[in-house]
**Q** 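Would you mind keeping the following structure in view while I ask a few things?
In this chain, residues are counted from 1 in sequence order.
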Amino acid sequence: MESFGARLHRAVSERGPLCVGIDPHPALLARWGLTDDVDGLRRFARTVVNVLGDRVAVIKPQSAFFERFGSQGLAVLESTIRQLRERGALVLLDVKRGDIGSTVRAYASAYLEPSSPMYVDAVTASPFLGVGSLAPMFELAATHGGGVFVLALTSNPEGASVQRARGADGRSVAQLVIDEVSQLNAGAQPLGSIGLVVGATVGETGCDLSAVNGPLLAPGLGAQGATAADLRTVFGSALPAVLPSYSREVLGAGPDPAALRAAADRAVGDCRAALAMS
């Protein structure tokens with residue numbers, strides 16, 4: 001079974017360093033001239049799949065915007081996941097799950113087990129019950145070639161009070177998460193399958209990311225205020241492992257397919273230039 005890290009490395013090499021989030025919130029549906037209901041959701045998702053599914057390396061549906069429509073919304077999400085995978089995109093489901101014991105194992109089965117209708121390439125996860133609590137996710141991901149992106153330094157301003165707090169050994173909570181994930185990726189080639197989420201808006205992190213050896217998802221670009229040029233400040237020498245993530249900056253160009261493609265191409269170009277900076 002090829003690892004997620006290897007598949008991600010290849011996808012980025014072929015399609016460029018870009019993750020596009022599918023975040024169909026009410027304002028974006030309205031901007032596209034769509035109704036804020038399951039039909040509008042379905043039309044929105046279908047357009048994104050058809051236009052970007054065969055040209056963007058990673059597409060990241062935000063589960064909450066599908067869940068808000070109940071079982072019908074989840075059916076749209078299942079269909080969207082399947083269609084994206086058929087078009088060759090890696091699917092990173094943004095669910096930020098985290099728990100302990102049998103519950104986290106159930107979450108792992110829901111998203112990282114190939115027999116599940118919600119099976120994706122990778123998920124986001126919250127480590128704030130302890131990174132070790134996510135072990136069932138890491139184990140199932142390894143078994144089936146999946147990935148897990150663990151929250152470390154998020155782009156929301158409220159996160160700093162927890163993530164930058166320091167423990168008895170002087171390390172921040174974020175650095176503790178970074179160090180534990182680094183151990184999980186030790187020796188992996190060409191890239192480990194356990195990633196971190198580090199917001200592009202956080203500025204100087206005060207953290208050492210040099211040993212992570214896994215992908216670094218960088219949300220917060222575009223509408224949230226960060227630019228591709230900010231990636232150097234945040235990631236420093238770890239820049240080659242960064243996977244920049246845009247949502248509204250790209251999707252806001254729709255629903256016109258040509259405009260949507262052009263927005264994605266511009267984002268890829270900006271990210272290539274930023275990640276190539278010396």
**Q** Checking salt bridge (Lys or Arg N to Asp or Glu O under 4.0 Å) for the pair Arg266/Asp270: CA distance, chi angles, key distance, verdict?
**A** CA-CA 6 Å; Arg266 282 194 301 273; Asp270 290 346; over 6 Å; no
**Q** To the nearest 0.5 Å, what is the distance between CG (Leu77) and CG (Leu93)?
**A**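 If we round to the nearest 0.5 Å, Leu77:CG and Leu93:CG are 5.5 Å apart.
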**Q** For the side chain of Gln163 and the backbone of Thr154, is there at least one donor-acceptor N/O pair under 3.5 Å apart?
**A**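 Yes; at least one donor-acceptor contact below 3.5 Å.
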**Q** Between the side chains of Asp179 and Gln175, does any donor sit under 3.5 Å from an acceptor?
**A**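 Looking only at side-chain atoms, Gln175 and Asp179 do form a donor-acceptor pair, the distance falling under 3.5 Å.
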**Q** Any idea which heavy atoms bring Leu84 and Gly53 closest together, and the distance?
**A**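 Shortest heavy-atom contact: CD2-CA, 4.1 Å.
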**Q** Within the distance-only criterion (no hydrogens, no angle test), does the side chain of Ser116 pair as donor or acceptor with the backbone N or O of Glu113 below 3.5 angstrom?
**A**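 No; judged by distance alone, with no hydrogens or angles, the pair does not exist.
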**Q** Could you grab the distance from atom CG of Leu41 to atom CZ of Arg46, nearest 0.5 Å is fine?
**A**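 Answer rounded to 0.5 Å: 10.5 Å.
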**Q** Would you name the heavy atoms of Val198 and Phe235 that are closest together and state the gap between them?
**A**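 Closest approach of Val198 to Phe235: O-CZ, 3.5 Å.
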**Q** Any side-chain to backbone donor/acceptor pair from Arg164 onto Thr205? Under 3.5 Å, distance only.
**A**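 Yes, Arg164 side chain to Thr205 backbone: donor-acceptor pair under 3.5 Å.
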**Q** Would you confirm whether Arg7, through its side chain, and Gly145, through its main-chain N or O, come within 3.5 Å as a donor-acceptor pair?
**A**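 Yes: the side chain of Arg7 pairs with the backbone of Gly145.
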**Q** I'd like to know if the side chain of Asp54 reaches the main chain of Arg87, judged simply by a donor and an acceptor atom lying under 3.5 Å from each other, with no hydrogens or angles considered.
**A**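 Not confirmed, Asp54 side chain does not pair with Arg87 backbone.
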**Q** Judged by atom type as modelled, is there a donor-acceptor pair below 3.5 Å linking the side chain of Thr124 to the main-chain atoms of Phe149?
**A**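 Such a contact is absent between Thr124 side chain and Phe149 backbone.
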**Q** Does a side chain donor of either Glu67 or Ser63 reach within less than 3.5 Å of an acceptor in the other side chain?
**A**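 Side-chain D/A pair, Glu67 to Ser63: present.
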**Q** Do Arg68 and Asp36 pass the salt bridge (Lys or Arg N to Asp or Glu O under 4.0 Å) test, and can you show the C-alpha distance, the side-chain angles, and the key distance before you say yes or no?
**A** CA-CA 11 Å; Arg68 69 193 185 98; Asp36 185 24; 2.5 Å; yes
**Q** If you define the side chain from C-beta out and look only at heavy atoms, does anything of Phe138 sit under 4.5 Å from Val131?
**A**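 In short, these two side chains touch, coming nearer than 4.5 Å.
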**Q** Keeping the roles fixed (side chain from Arg171, backbone from Asp169), state whether a donor-acceptor pair exists under 3.5 Å.
**A**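 No: the side chain of Arg171 does not pair with the backbone of Asp169.
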**Q** Which residue is it: Leu209, Val202, Thr201? I am looking for the one with a side chain to side chain contact (heavy atoms under 4.5 Å, CB included) to Val234.
**A**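 The side chain to side chain contact (heavy atoms under 4.5 Å, CB included) with Val234 is passed solely by Val202 among Leu209, Val202, Thr201.
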**Q** For the backbone of Ala186 and the side chain of Asn213, can you confirm whether one donor and one acceptor N or O come within less than 3.5 Å of each other?
**A**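 It does not hold such a pair.
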**Q** To the closest 0.5 Å, what do you measure between NE2 (His25) and CG (Leu251)?
**A**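 The NE2 atom of His25 sits 8.0 Å away from the CG atom of Leu251.
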**Q** Ring-plane angle category for Trp32 and Phe44, please: parallel below 30°, perpendicular beyond 60°, tilted otherwise.
**A**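 Answer is tilted, since the angle falls between 30° and 60°.
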**Q** Look only at the side chain of Ser79 and the backbone of Ala75, and say whether a donor-acceptor pair between them is shorter than 3.5 Å.
**A**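 Flag not set: sc Ser79 to bb Ala75 has no pair under 3.5 Å.
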**Q** Going by side chain to side chain contact (heavy atoms under 4.5 Å, CB included), Leu216 matches just one of Leu243, Val197, Leu231, Leu196. Which one?
**A**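 For Leu216, the side chain to side chain contact (heavy atoms under 4.5 Å, CB included) test succeeds with only one of Leu243, Val197, Leu231, Leu196, which is Leu196.
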**Q** Does Val91 offer a backbone N or O that forms a donor-acceptor pair with the side chain of Asp121 under 3.5 Å?
**A**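 The answer is yes, because a donor-acceptor pair under 3.5 Å joins these two groups.
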